[in-house]
Amino acid sequence: MSTEPSLHDRLLEQWGMGIVTGEISEGERLSAPPLDQEVPSRTVTREVTRVLESMGMVTVRRKAGATVNPMTAWNIYDPRVIEWRLRGPDRDRVLHELSELRASVEPMAARLAATRARPGQWAALTQAAIDMVAHANHADQVDYLQADERFHRALLEASGNAMFAALGDVVASVLAGRTRHELMPHEADEQALRLHGDVAALIRQGDGEAARQAMTRIVDESDQAMARRLRSRAPGSRD
């Protein structure tokens with residue numbers, strides 16, 4: 001089967017990135033451009049417009065078409081919006097914003113999980129931490145990423161807070177973005193690996209405060225590591 005993106009997906013990508021980068025300005029009306037010599041049908045443009053409307057990125061008015069909304073109206077938790085923003089000009093700021101969100105949520109999730117996690121959830125956390133260690137020598141590859149994502153999704157679900165659990169896609173987008181934009185080291189940080197195992201063990205022991213502290217250190221390490229790698233790429237950097 002062909003892996004080429006459909007006309008629908010290509011138009012969504014073009015419009016979404018255009019809005020995020022400012023190429024299509026706030027208040028500007030969307031117009032369907034040719035895509036590789038193909039002109040999207042009315043059905044395709046209507047479907048894509050509805051997707052963007054569901055994200056809050058455009059407002060559709062009868063006879064006026066779709067116009068771009070200010071960022072304050074966007075659903076910035078939508079994984080596609082996160083991905084577009086990470087590929088846009090404000091990537092560094094977006095990564096830091098996402099790290100701040102994690103720092104506000106995941107430590108509390110770890111604390112709650114210490115009293116609420118079911119045996120199966122603790123087992124999922126532990127297995128994910130083990131799999132991270134197994135793939136630690138290629139932490140910038142998909143196997144490590146998948147284990148890391150499973151750990152953090154399991155943590156949020158184990159909190160017993162449905163709103164925390166609903167942020168699983170957001171946290172996964174942060175982790176995937178870090179890998180996709182080459183902000184992960186080839187070999188995982190040993191302390192970070194140990195801390196993931198500690199969180200799982202502390203949750204099993206019911207020590208919520210210690211689990212919260214360990215999770216705080218994980219999020220802080222991730223944010224600091226990304227910041228170091230971004231600085232090393234800055235023009236004139238000596239790193």
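- The ring-ring contact (aromatic ring centres under 6.0 Å, His included) analysis of residues 74-99, with sequence neighbours excluded, yields no pairs.
- The existence of a salt bridge linking Glu221 and Arg217 is excluded, since no basic side-chain nitrogen approaches an acidic carboxylate oxygen closer than 4.0 Å.
- In terms of hydrophobic clustering, with Ile, Leu, Val, Met, Phe, Trp and Tyr side chains grouped at heavy-atom distances under 4.5 Å, Leu183 and Leu193 are assigned to different clusters.
- Rounded to the nearest 0.5 angstrom, Met132 CE and Ile130 CD1 are separated by 12.0 Å.
- Going from atom OG1 of Thr216 over to atom CE of Met108 covers 9.5 Å, rounded to the nearest 0.5 Å.
- Between Arg85 and Asp90, none of the side-chain N atoms (NZ, or NE/NH1/NH2) sits under 4.0 Å from a carboxylate O, so this pair counts as no salt bridge.
- The backbone N or O of Trp122 sits less than 3.5 Å from a side-chain atom of Thr126, completing a donor-acceptor pair.
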**Message:** Run His181 and Leu86 through side chain to side chain contact (heavy atoms under 4.5 Å, CB included) and show every step you take.
**Reply:** CA-CA 9 Å; His181 297 287; Leu86 287 175; 3.7 Å; yes

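- Gln127 and Asp131 share a donor-acceptor pair across their side chains, judged by distance under 3.5 Å alone.
- With hydrogens and angles ignored, the 3.5 Å screen pairs no side-chain donor or acceptor of Asn137 with any backbone N or O of Glu187.
- Grouping the Ile, Leu, Val, Met, Phe, Trp and Tyr side chains by contacts below 4.5 angstrom, directly or via other members, places Leu167 with Leu145.
- Between Leu52 and Leu30 the shortest side-chain heavy-atom distance falls below 4.5 Å.
- Annotation: Arg178, atom CZ; neighbour count of heavy atoms from other residues, nucleotides and ligands within 6.0 Å is above 12.
- Asp9 places none of its side-chain heavy atoms less than 4.5 Å from the side chain of Glu13.
- With salt bridges taken as basic N to acidic carboxylate O contacts below 4.0 Å, none links Arg194 and Glu190.
- Under the 4.5 Å side-chain heavy-atom criterion for Ile, Leu, Val, Met, Phe, Trp and Tyr, Val219 and Leu125 are members of the same hydrophobic cluster.
- Among Val58, Val68, Thr67, the one residue that satisfies the side chain to side chain contact (heavy atoms under 4.5 Å, CB included) test with Ile24 is Val68.
- Taking 4.5 Å as the limit, some side-chain heavy atom of Trp15 sits within range of a side-chain heavy atom of Thr45.
- Atom CZ of Arg204 has 12 or fewer heavy atoms from other residues, nucleotides or ligands within 6.0 Å.
- In the hydrophobic cluster analysis, where Ile, Leu, Val, Met, Phe, Trp and Tyr join through side-chain heavy atoms closer than 4.5 angstrom, Leu7 is grouped together with Met17.
- In this structure, the side chains of Gln14 and Arg10 stay at 4.5 Å or more apart for every pair of heavy atoms.
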**Request:** Begin with the C-alpha distance, continue with both residues' side-chain angles, and end with the deciding distance and a verdict on side chain to side chain contact (heavy atoms under 4.5 Å, CB included) for Arg80 and Met55.
**Result:** CA-CA 9 Å; Arg80 289 165 295 190; Met55 298 177 182; 3.1 Å; yes

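- Using modelled atom types, no side-chain atom of Gln146 and backbone atom of Asp143 make a donor-acceptor pair closer than 3.5 Å.
- Without hydrogens or angle criteria, Ser159 side chain to Leu155 main chain gives no donor-acceptor distance under 3.5 Å.
- Ser99 is linked by a side chain to side chain donor-acceptor pair (under 3.5 Å) to Asp223, counting only residues two or more places apart in sequence or in another chain.
- Side-chain contact between Met57 and Val20 is present, with heavy atoms from C-beta onward closer than 4.5 Å.
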**Request:** Would you check, one step at a time, whether the test side chain to side chain contact (heavy atoms under 4.5 Å, CB included) holds for His152 with His196?
**Result:** CA-CA 9 Å; His152 292 276; His196 280 76; 3.3 Å; yes

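- Separation of atoms CZ (Arg180) and CG (Leu175) is listed at 11.0 Å; rounding is to 0.5 Å.
- Val142 and Tyr144 are not part of a single hydrophobic cluster, where members link through side-chain heavy atoms under 4.5 Å apart.
- Looking at Ile82 and Asp78, their side chains never come closer than 4.5 Å, going by heavy atoms from C-beta outward.
- Residues Asn75 and Val81 have side chains not in contact (no heavy-atom distance under 4.5 Å, counting atoms from C-beta outward).
- Using a cutoff of 4.0 Å between basic side-chain nitrogens and carboxylate oxygens, Arg50 and Glu53 are not scored as salt-bridged.
- Here the straight-line distance linking atom CZ of Arg29 with atom CZ of Arg61 works out to 12.0 Å at 0.5 Å rounding.
- The side-chain heavy atoms of Val199 and Phe151, taken from C-beta on, include a pair separated by under 4.5 Å.
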